[in-house]
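Working notes, structure below.
Here the structure is a predicted model, which means the values were calculated and not measured. Letters go in sequence order (proteins before strands), and every chain restarts at 1.
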Amino acid sequence: MNTVWILLMVASVLISFLNGRLDAFTKSIFEGAKSAVEVSLFLLGIVSLWLGITRIIEDSGLIHRLSNFFQYFVRRLFKNIPPEHPAITSITLNLLANLFGLGNAATPLGIKAMQDLKALHPDGETITFEMMVFIVVNTASIQLIPFTVIGILADYGSKNPSAIVLPTLLATFLSALFALGILFAVRRILK
Amino acid sequence: MKTVSLISQLIIPLFILFAILYGWAKKVRVYDCFVSGAKGGVGVVVRVFPYLLAIFVAVKGFQASGAFEFAEQLLRGLLGVFHVPIDVVSIALIKPLSGSASLGVFTNIVQTNGPDSLASLISAVIMGSAETTFYVLAVYLGAVGIKRTRYLVPVCLIADLVGIIIAISIVKFFSHLG
């Protein structure tokens with residue numbers, strides 16, 4: 001992230017200088033700061049809400065039943081997590097929320113999953129391979145039905161807006177598979 | 001489509017209802033549980049905030065500098081060779097960086113090209129199959145204070161690129177079928 005940030009910032013200043021847009025650049029970084037606050041306030045609400053709900057299903061034992069149900073795939077993907085560890089459940093719930101396009105639930109549950117993964121290695125500031133697998137699956141955004149996109153296509157008078165469901169599904173699964181493939185390949189090469 | 005969208009509307013309310021009733025049946029103090037769980041949210045968001053700030057400032061600044069137009073010019077020539085609509089470049093570039101901006105760009109593409117054009121279809125599939133990678137990285141890594149990310153960021157970026165190529169190929173394949 002360090003490299004990415006340096007590249008973005010340095011390139012922005014240099015390019016805005018070349019384009020004579022230094023003013024716009026300065027204005028935009030303040031706008032960026034403002035939207036970080038707005039997004040954080042939004043996150044504050046939904047993260048707290050879902051952490052509250054999660055606590056209920058944890059304390060009532062419902063979470064174990066849910067995770068027993070969906071664990072098979074998650075266990076296969078995350079071999080180094082002990083079977084009874086809470087990370088399995090939070091990862092499962094996050095993936096389900098993603099699958100159904102519930103972005104507002106997916107992010108809080110994903111944060112919880114990261115915290116549970118971190119609990120396996122409490123002292124490290126270095127990312128674990130399990131965290132990488134989890135993040136790569138998340139950035140591939142496996143989603144069954146892209147509602148927002150279909151809505152926009154329909155708004156502008158598309159003849160058959162849901163025609164994109166199948167291609168999107170194929171694309172999202174293939175790119176998730178490739179993403180994981182790349183991750184596992186890189187690990188093998190660097191070993 | 002109607003049933004599918006009905007089901008997806010039902011998921012969250014039903015899930016919450018079920019969670020509460022199940023807890024109640026198991027004699028859990030549901031309200032107190034909720035409040036004590038929710039308390040944790042403040043800490044998480046406070047921890048994530050500086051990471052979000054860093055990434056938002058960088059992305060907004062990058063957009064304002066005109067760097068996108070520059071990159072678009074470079075890529076346009078390349079895509080022309082493969083008979084891919086040039087508008088696809090803008091959505092492919094913005095999607096990993098910003099969710100709200102990519103929604104704006106997508107709406108604009110649909111508006112100018114028509115909803116059933118190749119450009120709109122490819123953009124729609126990219127919108128549905130790619131994620132705002134930098135936001136996910138900032139929030140998830142920030143939440144647990146990871147500093148050394150090893151090879152994660154390059155892998156994510158290569159995966160994004162592959163994902164966009166997959167999206168373009170699939171739509172082109174489907175449109176050849178008719």
Exercise for the section: Under 4.5 Å heavy-atom distance to chain B, tell me which part of A:Val37 shows up: side chain, backbone, both or neither. Expected result: both
Completion exercise
Nearest heavy-atom contact between A:Gly157 and B:Pro115 is C-CG, 3.7 Å
Exercise for the section: List the atom of B:Cys156, the atom of A:Val136, and the distance in Å for their closest heavy-atom pair. Expected result: SG-CG2, 4.2 Å
Problem - Pairwise distance OG(B:Ser120) to CD1(A:Ile152) - rounded to 0.5 angstrom - result: 10.5 Å
Exercise for the section: State the OG1-CD1 distance between A:Thr172 and B:Ile126, to the nearest 0.5 angstrom. Expected result: 12.0 Å
Practice task
Indicate the atoms forming the closest heavy-atom contact of A:Thr139 with B:Glu131, along with that distance.
Solution key: O-CB, 3.0 Å
Exercise for the section: Starting at OH of B:Tyr135, measure out to OG1 of A:Thr107 and round the result to the nearest 0.5 Å. Expected result: 5.0 Å
Handout entry: Contacting region of B:Val125 [heavy-atom separation from chain A under 4.5 Å]
Key = both
Handout entry: Atom group of B:Tyr31 that falls short of 4.5 Å from chain A, counting heavy atoms
Key = neither
Handout entry: B:Val30 portion near chain A, given a 4.5 angstrom heavy-atom threshold
Key = both
Problem - Side chain to side chain, A:Thr126 and B:Ile146, heavy atoms closer than 4.5 Å - result: no
Exercise for the section: Verify side-chain contact (heavy atoms from CB on, under 4.5 Å) between A:Ile127 and B:Tyr151, making sure each step is shown before the conclusion. Expected result: CA-CA 9 Å; A:Ile127 196 161; B:Tyr151 43 87; over 6 Å; no
Handout entry: side-chain contact (heavy atoms from CB on, under 4.5 Å) between A:Ile56 and B:Tyr22, worked out
Key = CA-CA 9 Å; A:Ile56 296 177; B:Tyr22 189 89; over 6 Å; no
Handout entry: Region of A:Ala33 in contact with chain B, defined by heavy-atom distances below 4.5 Å
Key = both
Handout entry: Pairwise side-chain contact, A:Arg55 with B:Phe34, heavy-atom cut-off 4.5 Å (strictly under)
Key = no
Could you list the donor-acceptor pairs under 3.5 angstrom formed by side chains in residues 42-64 of chain B, with sequence neighbours left out?
residue, atom, partner, partner atom, Å
B:Arg47, NH1, B:Ala143, O, 2.9

Handout entry: Under 3.5 Å donor-acceptor, A:Asp59 side chain and B:Cys33 backbone
Key = no
Problem - B:Phe18 vs A:Leu62 side-chain heavy atoms within contact, under 4.5 Å - result: yes
Practice task
Could you tell me how the ring of B:Tyr140 sits relative to the ring of A:Phe134: parallel (under 30°), tilted (30 to 60°) or perpendicular (over 60°)?
Solution key: parallel
Exercise for the section: Could you check if a side-chain atom of B:Phe70 sits within less than 4.5 angstrom of a side-chain atom of A:Leu18, using non-hydrogen atoms only? Expected result: no
Problem - Portion of A:Phe178 that has a non-hydrogen atom of chain B nearer than 4.5 angstrom - result: side chain
Exercise for the section: Calculate, to the nearest 0.5 Å, the distance between atoms CD1 and CD1 belonging to A:Ile53 and B:Ile16 respectively. Expected result: 4.5 Å
Completion exercise
The interface call for A:Leu190 against chain B, heavy-atom contacts under 4.5 Å, is side chain
Handout entry: salt bridge (Lys or Arg N to Asp or Glu O under 4.0 Å) partners for B:Arg150, two or more places apart
Key = none
Practice task
Give me the contact list for residues 112-121 of chain A versus chain B, heavy atoms only, anything under 4.5 Å, ordered by residue number.
Solution key: A:Met114, A:Gln115, A:Lys118
Fill in the blank from the handout: Rounded to the nearest 0.5 Å, the CG atom of A:Leu170 sits from the OG atom of B:Ser169 at a distance of 11.5 Å
Completion exercise
CD1 (B:Ile170) and OG (A:Ser175) are apart, to the nearest 0.5 Å, by 8.0 Å
Practice task
List the atom of B:Ala124, the atom of A:Val149, and the distance in Å for their closest heavy-atom pair.
Solution key: CB-CG1, 3.5 Å
Handout entry: Summary of salt bridge (charged side-chain N to carboxylate O under 4.0 Å, His left out) pairs that have at least one residue in residues 122-143 of chain A, sequence neighbours excluded
Key = A:Glu125-B:Lys147
Handout entry: Heavy-atom proximity to chain B below 4.5 Å, by part of A:Ser35
Key = both
Practice task
Decide yes or no for A:Ile164 and B:Leu121: does some side-chain heavy atom of the first lie under 4.5 Å from some side-chain heavy atom of the second?
Solution key: yes
Problem - Part of A:Ile57 lying under 4.5 Å from any heavy atom of chain B - result: side chain
Exercise for the section: With a 4.5 angstrom heavy-atom cut-off, could you sort out which part of B:Ser100 is near chain A: side chain, backbone, both or neither? Expected result: neither
Completion exercise
Correct closest heavy-atom pair for A:Leu51 and B:Gly37 would be CB-O, 3.4 Å
Practice task
Under 4.5 Å heavy-atom distance to chain A, tell me which part of B:Val144 shows up: side chain, backbone, both or neither.
Solution key: both
Practice task
Give the minimum heavy-atom separation between A:Asn19 and B:Gly66, together with the two atoms involved.
Solution key: ND2-CA, 3.8 Å
